Amino acid sequence: DGGTNGSQAIRSFSPRMRTAAAEARTVLMQLGSEYLQVPVSQLEVKDGIIIDIKNNKSKVSYGELTKGKRIEKHLDGKPELKDYTKFKYVGKPYLHQDSRIKVTGEAKYSADIQLPGLLHARILRPPSHGAKFLTADISEAEKIKGIQVVRDGDMIAALSDNRDKVDQAIVKVKAEYSFNEIEVDDKTIFDRILKANSKANEIRSNGDLETGRKICDTITESEFYNSYVAHATIEPHAATAMIEGDKITVWVSTQQPFPTQETIAREMNVPLEKVRIITPFVGGGFGGKSAHGQAVEAVKLAKITGKPVVVAWTRQEEFFYDTFRPAAVVKITSGVDKSGRIMLWDYHTYYAGARGADVIYDVPNAKTTNYSGGSVHPFGTGAWRAPGNNTNTFARESQIDIMASKAGKDPLEFRLMNLKDEKMIAVLKAAADKFGYTPARSPSGRGYGVACGTDVGTFVAHIAEVKVDKNTGHVQVIRVACAQDMGLCVNPQGTTLQMEGCITMGMGYALTEEIQFQGGDIKNHSFDTYEIPRFSWVPKIDTVIMDRKDQAPQGGGEPTIICMGAVIANAVFDATGARLYQLPVTPERLLAALKKG
């Protein structure tokens, strides 16, 4: 188990789980047949009890057959999985069982674990990712009553049974550093990306670009930019570690419990079976809690002190050590013929990754190239909910909108006339129907935006309405309609929550979220300078889950977020005629675009 990522739980794990369960059931039915002395074909199961169809008094439970024994039996062939029309629970909506304790605050997270003798730890952190530790004077910190200062290599930590005291102590440590900063900031990063010593990887190609260029009536060349974005989880990274004899127990906020176990076993040089990982509720991950450095820190400090230790990052530490969604650039050259058909698509994505870089439209002459490698980022980057797809979908769907406007076509009709994929066509029509969409050439002044895409096997389409204040540059999202084809939907209620969550979270990277930095110095320390969506932002949300019970289930945790940047930027263009080529659509960027005309 590599962890919780890539919306894999249902699409990848559940088929294996269903197969294993079907095999177990087949073995139990065979045991029941032997026990009741009737053929398997004469048996049925209700609530874990095997019953003789012809004599309902003749029955035996799974528990009576197994009696706690280990049963190993290999079947001659794979059992047939239950037909979807016979599902009793799958496909019906169910609410979360943990909602009440989360709302009331009863739910325990990794930093809430209370153990006898527990010590709180604060660790000395560098001021920049370009800083190298030299020396430190810990004398002032040690003068604080009840404070223990420990050192393990370059790690210096203040510990106490009082959290407030360690906060006071760690700032008393006077450290010296040398600096080797990369000369780049949040404004010059895109130039650095384009000039990087990257490797070009052609992902796919069909037709001939030069042929396509010659038959196009209109050619459009664009560059799109995405800033670094933080995961900004409500719960910062935390871990509580306890060592008893040769056994290590860690309560840790992580998406990857098994890799965490392996890391701790390796770092502490102990057998894997001596490390137990307990994952309480995780207060947001989105790819940002794949790393688990706080768990290693807590274990090392527990080893040194001989007491349980909790390491709970501050919000500033959370921003500093985040593995941000990478800044990226996308260049597109595309063209349409006189009828409005897309005949040329030359797509170049720089450091976003290839996820979501598919053409998706029916283009006879197309090529997609992904650029990666080389040293670009001055700090850590990593997976951020639907990695790469937010950037690529923003670029592709913005370009489609630009072409539609140039061709004098309604943006929805332009997409439909250039699509062949029936699933994509279906979700676009379903979203339009839910929204009550009527065609109009953009910019129409209505503030309507359209976007569509695919992620983890799922097809999504969005239509949004925005209101723009042209004096302040403020954008308000009024409503969003989204249709999703994810194959078999196991829990419609859970899926709806994921869709609504993606739409709400997606407004952040579309409108406000971006990291400010100078070299390796992260300027954002908390939510006073890094604004995430608020309750007051939440628009009217309508969702449609396509009825596809006869098809394999696909991912549901990420797809709906991929279109939010594009659908909002397209809606802003429809409202104002101003095209935004960089996310987020801040008031300053929008006002500049309006001024530019």
Side-chain angles (χ1 to χ4, degrees), residues 111 119-142 144 147-160 163 165-186 188-189 192 228-233 236-239 241 253 263 267 288-301 304-305 309-327 375-382 514-530:
L119 297 177
H120 296 269
R122 281 293 307 277
I123 298 170
L124 179 68
R125 305 299 189 188
S128 167
H129 287 278
K132 182 180 180 181
F133 177 78
L134 297 176
T135 63
D137 179 358
I138 62 174
S139 58
E140 291 299 315
E142 289 182 311
I144 300 175
I147 286 293
Q148 177 184 4
V149 181
V150 303
R151 182 166 182 174
D152 181 29
D154 287 348
M155 182 174 71
I156 296 175
L159 300 104
S160 172
R163 172 60 194 251
K165 284 190 175 182
V166 296
D167 288 340
Q168 296 166 13
I170 200 65
V171 298
K172 297 289 186 181
V173 178
K174 296 179 175 62
E176 293 183 6
Y177 300 87
S178 63
F179 293 86
N180 183 21
E181 297 286 4
I182 298 173
E183 293 187 7
V184 66
D185 59 28
D186 45 275
T188 61
I189 184 62
R192 177 179 172 83
Y228 291 102
V229 173
H231 292 89
T233 58
H237 283 65
S253 177
T263 300
E267 290 282 338
K289 286 183 179 164
S290 298
H292 38 262
Q294 84 282 15
V296 176
E297 292 171 340
V299 171
K300 286 183 175 180
L301 292 172
I304 293 169
T305 61
V309 172
V310 56
V311 173
W313 286 0
T314 64
R315 184 58 61 185
Q316 183 172 350
E317 288 174 307
E318 188 72 13
F319 273 103
F320 185 80
Y321 285 113
D322 197 2
T323 49
F324 303 113
R325 187 192 75 181
S375 178
V376 171
H377 308 298
F379 33 68
T381 62
E514 65 179 322
I515 290 295
Q516 282 86 38
F517 65 95
Q518 180 71 47
D521 182 9
I522 307 299
K523 301 299 184 182
N524 306 92
H525 297 167
S526 192
F527 295 130
D528 57 340
T529 58
Y530 189 91

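Since we're looking at a predicted model, the values are computed, not measured.
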Can you name the salt bridge (charged side-chain N to carboxylate O under 4.0 Å, His left out) partners of [X], sequence neighbours left out?
| X | answer |
| --- | --- |
| Lys523 | Asp521 |
| Lys300 | Glu267 |
| Glu142 | none |
| Asp154 | none |

Self-check item: By ring-ring contact (aromatic ring centres under 6.0 Å, His included) - contacts of His237 (at least two apart)
Solution: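 ring-ring contact (aromatic ring centres under 6.0 Å, His included) check on His237 returns Trp313.
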Exercise. Return the set of residues passing ring-ring contact (aromatic ring centres under 6.0 Å, His included) with His377 (not counting sequence neighbours), or none when no residue passes.
Key: Tyr228
What I'd like to find out is whether the side chain of [X] reaches to under 4.5 Å of the side chain of [Y], using heavy atoms alone.
| X | Y | value |
| --- | --- | --- |
| Lys132 | Asn180 | no |
| Phe319 | Thr529 | no |
| Ser526 | Arg315 | yes |
| Pro378 | Gln518 | no |
| Leu124 | Ile138 | no |

Side chain to side chain contact (heavy atoms under 4.5 Å, CB included) involving [X] - partner list, sequence neighbours excluded:
| X | answer |
| --- | --- |
| Ala312 | Ala111, Arg163, Ala238 |
| Ile147 | Ile144, Val149, Ala158, Ser160, Lys165, Val166, Ala169 |
| Pro126 | Ala131, Tyr177, Phe320, Tyr321 |

Least distance between heavy atoms, [X] atom then [Y] atom:
| X | Y | result |
| --- | --- | --- |
| Gln168 | Val171 | O-CG2, 3.1 Å |
| Phe133 | Ala175 | CE1-CB, 4.2 Å |
| Phe527 | Ala232 | CE2-CB, 3.8 Å |
| His231 | Thr323 | CE1-O, 2.8 Å |
| Ile156 | Ile170 | O-CD1, 4.3 Å |
| Ala121 | Val309 | CB-CG1, 3.8 Å |

Quiz item: Rounded to the nearest 0.5 Å, how far apart are OG1 of Thr314 and CZ of Arg122?
Solution: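 Nearest 0.5 Å value for the OG1-CZ distance: 5.0 Å.
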Practice problem: Could you tell me the separation between the CD1 atom of Ile123 and the CG atom of Asp152, rounded to the nearest 0.5 Å? | Solution: 10.0 Å
Practice problem: Ignoring hydrogens and angles, tell me if any N or O in the side chain of Asn524 forms a donor-acceptor pair with the backbone of Gln516 under 3.5 Å. | Solution: yes
Exercise. Determine which pairs satisfy salt bridge (charged side-chain N to carboxylate O under 4.0 Å, His left out) with at least one residue from residues 316-326, sequence neighbours left out, and list them in order.
Key: Arg125-Glu317
Exercise. Would you list the pairs meeting salt bridge (charged side-chain N to carboxylate O under 4.0 Å, His left out) in which at least one residue belongs to residues 177-186, sequence neighbours left out?
Key: none
Self-check item: Worked check of side-chain contact (heavy atoms from CB on, under 4.5 Å) between Ile304 and Leu159
Solution: CA-CA 11 Å; Ile304 293 169; Leu159 300 104; over 6 Å; no
Quiz prompt | Donor + acceptor pair across side chains of Ser139, Asp137 (<3.5 Å) | solution =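 Looking only at side-chain atoms, Asp137 and Ser139 do form a donor-acceptor pair, the distance falling under 3.5 Å.
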Quiz item: Of all residues at least two apart in sequence or in a different chain, which pass the side chain to side chain donor-acceptor pair (under 3.5 Å) check with Glu140?
Solution: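 Expected list: Lys143.
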